[in-house]
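Reviewing the structure listed below.
Nothing fancy with the numbering, it's 1 onward along the sequence. In this text the structure is predicted, and so the values were computed from the model without any measurement.
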Amino acid sequence: QVQLVESGGDLVQPGGSLRLSCAASGSIVSLHVMGWYRQAPGKQRELVATITHFGSTNYADSVKGRFTISRDNAKNTVYLQMSSLKPEDTAVYYCNVGKIISGTYVSTDYWGQGTQVTVSS
């Protein structure tokens, strides 16, 4: 049974920083591609960042240069360091176990419960 638990969401002012964590059961983090998604009210869930088990990372254009995805295999945890936050970053953030098919990240049905990030003054 795969379990993912996100934490770290909060209310933060524009320009601020947050670090999200996704704790996974078993050795998922070291063996699989992991991704962070977000979903804002009334919008579709969008892929924000991915990291392969080799450590290769990829980012949505909207967060490139501001967000950093990383992982700690010993702790079975994936992180999303977010800086220079903007109001449009407000969303529920989810982590996901994925796979790479033809060079593209594809999500699986394994999701956490999400953590709310609100960027507002």
Side-chain angles (χ1 to χ4, degrees):
Q1 179 88 13
V2 174
Q3 290 187 325
L4 303 170
V5 179
E6 300 98 335
S7 62
D10 205 345
L11 170 64
V12 63
Q13 291 189 341
S17 299
L18 277 177
R19 188 178 80 157
L20 306 183
S21 299
C22 171
S25 58
S27 302
I28 296 170
V29 171
S30 62
L31 297 176
H32 292 83
V33 179
M34 302 292 295
W36 280 98
Y37 282 75
R38 66 185 180 186
Q39 187 166 20
K43 295 188 176 181
Q44 287 190 327
R45 194 170 293 190
E46 66 168 335
L47 182 61
V48 173
T50 62
I51 185 165
T52 72
H53 41 298
F54 297 115
S56 297
T57 58
N58 207 357
Y59 300 91
D61 287 343
S62 58
V63 307
K64 206 170 287 185
R66 300 188 298 121
F67 290 11
T68 301
I69 188 171
S70 62
R71 72 177 196 275
D72 185 331
N73 291 343
K75 295 182 178 179
N76 292 316
T77 300
V78 179
Y79 303 98
L80 186 68
Q81 178 68 48
M82 306 185 294
S83 59
S84 301
L85 283 162
K86 306 174 181 180
E88 51 264 43
D89 294 319
T90 295
V92 178
Y93 284 71
Y94 300 89
C95 68
N96 174 255
V97 179
K99 46 180 107 171
I100 301 295
I101 299 177
S102 299
T104 300
Y105 182 94
V106 176
S107 64
T108 67
D109 290 335
Y110 299 114
W111 298 91
Q113 83 290 348
T115 186
Q116 176 71 48
V117 172
T118 302
V119 184
S120 175
S121 54

- Query: With the 4.5 Å side-chain cut-off for hydrophobic clustering, are V48 and I100 part of the same group?
  - Reply: no

- Closest heavy-atom pair, V92 versus G114, reported as atoms and distance to 0.1 Å, is CG1-CA, 3.8 Å

- So do the side chains of R71 and V78 get within less than 4.5 Å of each other, counting heavy atoms only? yes

- So CG of D72 and OG1 of T77: to nearest 0.5 Å the spacing works out to 6.5 Å

- Query: So do V63 and M82 actually touch side chain to side chain, heavy atoms under 4.5 Å?
  - Reply: no

- Rounded to the nearest 0.5 Å, the CD1 atom of I51 sits from the SG atom of C95 at a distance of 12.5 Å

- Item | Contact check, side chains of E6 and L20, non-hydrogen atoms, under 4.5 Å | no

- Task: Search all heavy atoms of K99 against all heavy atoms of T108 and return the closest pair with its distance.
- Result: CE-CG2, 3.9 Å

- Message: In the structure I gave you, are the side-chain heavy atoms of M34 and V97 within less than 4.5 Å of one another anywhere?
- Response: yes

- Of all pairs that satisfy ring-ring contact (aromatic ring centres under 6.0 Å, His included), the ones with a partner from residues 75-96, not counting sequence neighbours: none

- Query: Is a donor on one side and an acceptor on the other found under 3.5 Å between the side chain of N96 and the backbone of Y110?
  - Reply: yes

- With sequence neighbours excluded, give me every ring-ring contact (aromatic ring centres under 6.0 Å, His included) pair touching residues 25-51. Y37-W111

- Query: Hey, is the main chain of G98 close enough, under 3.5 Å, to the side chain of S107 for a donor-acceptor pair?
  - Reply: no

- Task: Evaluate salt bridge (charged side-chain N to carboxylate O under 4.0 Å, His left out) for D61 paired with K64, printing each intermediate quantity in order.
- Result: CA-CA 5 Å; D61 287 343; K64 206 170 287 185; 3.1 Å; yes

- Could you tell me the separation between the OG1 atom of T118 and the CG atom of D10, rounded to the nearest 0.5 Å? 8.5 Å

- Message: Between N76 (side chain only) and A23 (backbone N and O only), is there a donor and an acceptor less than 3.5 Å apart?
- Response: no

- Query: Is the backbone of G35 close enough, under 3.5 Å, to the side chain of Y105 for a donor and an acceptor to pair up by distance?
  - Reply: yes

- Message: Are the side chains of S21 and K75 in contact, using a 4.5 Å heavy-atom criterion?
- Response: no

- Search all heavy atoms of R66 against all heavy atoms of D89 and return the closest pair with its distance. NH1-OD2, 2.7 Å

- Would you confirm whether T90, through its side chain, and V119, through its main-chain N or O, come within 3.5 Å as a donor-acceptor pair? yes

Enumerate donor-acceptor pairs with a distance under 3.5 Å from any side-chain N or O in residues 12-19 to protein atoms, sequence neighbours excluded.
none

- Message: Counting neighbours of CD on E88 that are heavy atoms of other residues, nucleotides or ligands and sit closer than 6.0 Å, is the number greater than 12?
- Response: yes

- Item | Interatomic spacing from CZ in R38 to CD in Q44 - rounded to 0.5 Å | 14.0 Å

